[in-house]
Amino acid sequence: MNASSGKTVLANFLTESSDITEYSPTQGVRILEFENPDVTSNNKGTGCEFELWDCGGDPKFESCWPALMKDAHGVVIVFNADIPSHRNEMETWYSCFVQQQSLQDTQCMLIAHHKPGSGDDKGSLSLSPPLNKLKLVHSNLEDDPEEIRMEFLKYLKSIINSMSESRDREEMSIMT
């Protein structure tokens with residue numbers, strides 16, 4: 001969600017929506033609708049439909065955040081691991097988009113996106129609490145694009161599972 005982190009390029013890749021690979025700031029929000037045949041709900045044969053809201057990282061869009069957060073089932077915080085200020089900004093994003101929305105940590109994933117040519121130093125990234133409890137994935141579309149695709153697929157499946165479990169609990173509470 002940080003500015004200049006590569007969210008749009010990553011979002012386009014993960015949703016297979018276009019081949020735009022230029023890094024340019026998102027103005028406000030872009031909504032990408034996509035279906036994934038590998039993610040199903042309640043063992044039905046059809047894939048689930050998703051909306052991925054690609055949110056501009058510039059603080060001037062903060063007034064839009066409440067609309068972006070409403071009814072969200074998951075949050076992916078994308079940051080450029082090579083920019084130290086991004087690590088500080090992540091705590092703000094996490095507080096607003098996860099904690100204040102009463103989402104579980106399992107509904108949040110951190111992606112350390114490495115732009116082409118920036119290197120891919122996975123070992124030196126240490127995060128402070130509470131961010132260190134979150135799922136952290138490194139993304140490098142140049143070296144290993146399929147790794148991030150598989151991690152994102154696992155994340156989508158975990159979101160669908162948590163939604164199904166929550167729905168099941170609600171149904172059981174109504175019946176009792």
Would you find a donor on one side and an acceptor on the other, under 3.5 Å apart, between the side chain of His113 and the backbone of Val78? no
Can you measure from CD1 (Ile77) to CG (Leu110) and round to the nearest 0.5 angstrom? 5.5 Å
So do Phe97 and Trp65 actually touch side chain to side chain, heavy atoms under 4.5 Å? yes
On a heavy-atom basis, the closest approach of Cys55 and Lys7 is O-CE, 2.8 Å
So, Glu91 and Trp93: side-chain donor and acceptor under 3.5 Å apart, yes or no? no
Quick one: are Ile148 and Asn140 in side-chain contact, heavy atoms under 4.5 Å? no
Considering non-hydrogen atoms only, spot the tightest contact between Ser139 and Ile111 and give its length. CB-CG2, 3.5 Å
Rounded to the nearest 0.5 Å, how far does CG of Asp71 lie from NE2 of His73? 6.5 Å
In short, Arg30 meets Ala11 closest at the heavy-atom pair NH2-CB, 4.1 Å
Would you mind reporting whether Leu153 and Met150 have side-chain heavy atoms less than 4.5 Å apart? yes
Out of curiosity, Met109 CE to Lys154 NZ, how far, rounded to the nearest 0.5 Å? 10.0 Å
Val29 and Asp54, any side-chain heavy atoms less than 4.5 Å apart: no
So, using ring-ring contact (aromatic ring centres under 6.0 Å, His included) as the criterion, who are the partners of Phe34 when residues are at least two apart? Phe50
Please examine the side chains of Met90 and Leu127, heavy atoms only from C-beta on, and report whether any two atoms are closer than 4.5 Å. yes
Measure from the side-chain N and O atoms of Tyr155 to the backbone N and O of Gln107, and report whether any donor-acceptor pair falls under 3.5 Å. yes
Closest heavy-atom pair, Leu103 versus Ala72, reported as atoms and distance to 0.1 Å, is CD2-O, 3.7 Å
Pro145 and Phe13, any side-chain heavy atoms less than 4.5 Å apart: yes
Any side-chain heavy atom of His114 sitting closer than 4.5 Å to one from Glu142? no
Is any side-chain heavy atom of Asn12 closer than 4.5 Å to one of Leu32? yes
Output the distance between atom CE (Met69) and atom SG (Cys64), rounded to the nearest 0.5 Å. 10.5 Å
Using the rule that two of Ile, Leu, Val, Met, Phe, Trp, Tyr join whenever any of their side-chain heavy atoms come within less than 4.5 Å, decide whether Val98 and Phe61 are in one cluster. no
Interatomic distance, CG@Asp105 vs NZ@Lys133, rounded to 0.5 Å, equals 5.0 Å
Gap separating the OG1 atom of Thr106 from the NZ atom of Lys135, nearest 0.5 angstrom: 12.0 Å
